[in-house]
Number of protein chains: 2
Amino acid sequence: MSRVQVPPAAMVPAPLSARCPPCGRDTALSYPSRTMGRMTSTPRSDLDPAVAARLKRGADGLLPAIAQQYDTGEVLMLGWMDDEALHRTLTTGRCTYWSRSRGEYWVKGDTSGHYQFVKSVALDCDADTVLVKVDQVGAACHTGDRTCFDADELPVSAPADMA
Amino acid sequence: MSRVQVPPAAMVPAPLSARCPPCGRDTALSYPSRTMGRMTSTPRSDLDPAVAARLKRGADGLLPAIAQQYDTGEVLMLGWMDDEALHRTLTTGRCTYWSRSRGEYWVKGDTSGHYQFVKSVALDCDADTVLVKVDQVGAACHTGDRTCFDADELPVSAPADMA
């Protein structure tokens, strides 16, 4: 499956309207960047409308999505999904994210062969986070590590009576 | 420990400046909400500057933080941390988040008794996500469920040859 490069509707924010204090007239301003865009409508997607209506997306239209190895419990990585990425994850059997850096849908494994075969998908209690249990082929991390959290542990200095 | 209600510096975005097309004059506009604020400087925090310099925060100055039960591997919840919340998590032994809805620091368990005692903390390969392995007291979810992902599984309809 090739990558699809159609930007989701959520990524096209409505223009910001504001009144100019010096002249008192309304003016339309563009957002400086996508990350400042506030969604004003539900993005176009084939996602079940009943699910879409419950999602609490970030200002950029995305939800954080945690990928976890279904049998060992390893937390593999965190990616981002819009409605359509969630829809494709639910219906294609392969975990699909929205790449914020490349601005395109991203089927995990399409380049590396390191697919994430979907076992189950759950929303959290606030419907603002996705947990995808997967069977990860090979390394989840682009560095070659099994998970994206293997290489950068921070020092913890907890009081002894609390640890 | 009581909740600390000092908003982090990251939450105070610089004003947006724009030229008014009708009158041609510059004008300063406020962001409609915090979620549209773009960080313009590193927030004030006691976090190790070497760690702070590596963090890739969202536009709101926050990182997603995954809490995982250290021995069973259960993914318990996802919260948000700014630099100071990460610093407190690393140094107090108890997981501390920034509550986006309440606009305050939030020591998990201070109200419910359902503390998260910190076992280890890791950044991911991009330094934009935190994984905290904890020992969770009781239920992680405010609904009383053990994890925030227990109650809302979505139907997966994967092709048989991929599942």
Side-chain angles (χ1 to χ4, degrees), chain A residues 16 18 20-23 25 27-29 31-33 35-38 51 58-60 64 66 68 72-75 77-78 86 89-94 117-129 131 141-143 145 148-159 161-163, chain B residues 16 18 20-23 25 27-29 31-33 35-38 51 58-60 64 66 68 72-75 77-78 86 89-94 117-129 131 141-143 145 148-159 161-163:
Chain A
L16 177 66
C20 172
C23 74
R25 281 177 283 195
T27 182
L29 304 166
Y31 292 105
S33 84
T35 57
M36 294 179 63
R38 169 166 287 277
V51 174
D60 52 7
I66 304 162
Q68 180 183 32
T72 64
E74 294 163 291
V75 173
M77 56 173 281
L78 183 137
L86 177 57
T89 296
L90 290 168
T91 57
T92 67
R94 293 193 295 181
F117 292 105
V118 176
K119 295 291 187 177
S120 66
V121 179
L123 295 176
D124 76 344
C125 52
D126 295 323
D128 64 7
T129 302
L131 176 63
C141 188
H142 72 285
T143 63
D145 285 337
C148 292
F149 299 96
D150 289 353
D152 198 358
E153 191 163 323
L154 300 178
V156 174
S157 57
D161 61 343
M162 290 183 169
Chain B
L16 177 66
C20 171
C23 74
R25 282 178 282 194
T27 181
L29 303 167
Y31 292 105
S33 83
T35 57
M36 295 180 62
R38 171 164 285 279
V51 174
D60 52 8
I66 304 162
Q68 180 183 33
T72 65
E74 294 163 291
V75 173
M77 57 173 280
L78 183 138
L86 177 57
T89 296
L90 289 167
T91 56
T92 66
R94 292 194 295 180
F117 293 104
V118 176
K119 295 290 187 177
S120 65
V121 179
L123 296 176
D124 77 343
C125 53
D126 295 323
D128 63 9
T129 302
L131 176 63
C141 188
H142 72 286
T143 63
D145 285 337
C148 292
F149 299 96
D150 288 354
D152 198 358
E153 191 162 325
L154 300 178
V156 173
S157 56
D161 62 342
M162 288 182 170

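Residue numbers start from 1 in every chain, and the chains themselves are labelled A, B, ... in the order their sequence lines are given, proteins ahead of strands.
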Close side-chain approach of B:Asp126 and A:His142, heavy atoms under 4.5 Å: yes
Reported CG-to-CG distance for the pair A:Leu86 and B:Leu154, which is rounded to 0.5 angstrom: 6.0 Å
Heavy-atom pair count under 4.5 Å with chain B, highest-scoring of A:Leu123, A:Val121, A:Ile66: A:Leu123
Selection from A:Val51, A:Asp128, A:Asp124, A:Thr72 maximising heavy-atom pairs under 4.5 Å formed with chain B: A:Asp124
Gap separating the OG1 atom of A:Thr129 from the CG atom of B:Asp152, nearest 0.5 angstrom: 11.5 Å
Contact origin within A:Asp150 toward chain B - heavy atom pairs under 4.5 Å: neither
Atom pair CD (A:Glu74) and CG (B:Leu131), whose distance is rounded to the nearest 0.5 Å: 11.0 Å
Contact leader toward chain A among B:Cys141, B:Ala127, B:Cys125, B:Gly73, where contacts are heavy-atom pairs under 4.5 Å: B:Cys125
Contacting region of A:Asp145 [heavy-atom separation from chain B under 4.5 Å]: neither
Flag side-chain contact, heavy atom, 4.5 Å: A:Ser157 against B:Leu90: no
Side chain to side chain contact (heavy atoms under 4.5 Å, CB included) between B:Thr91 and A:Val156, worked out: CA-CA 6 Å; B:Thr91 56; A:Val156 174; over 6 Å; no
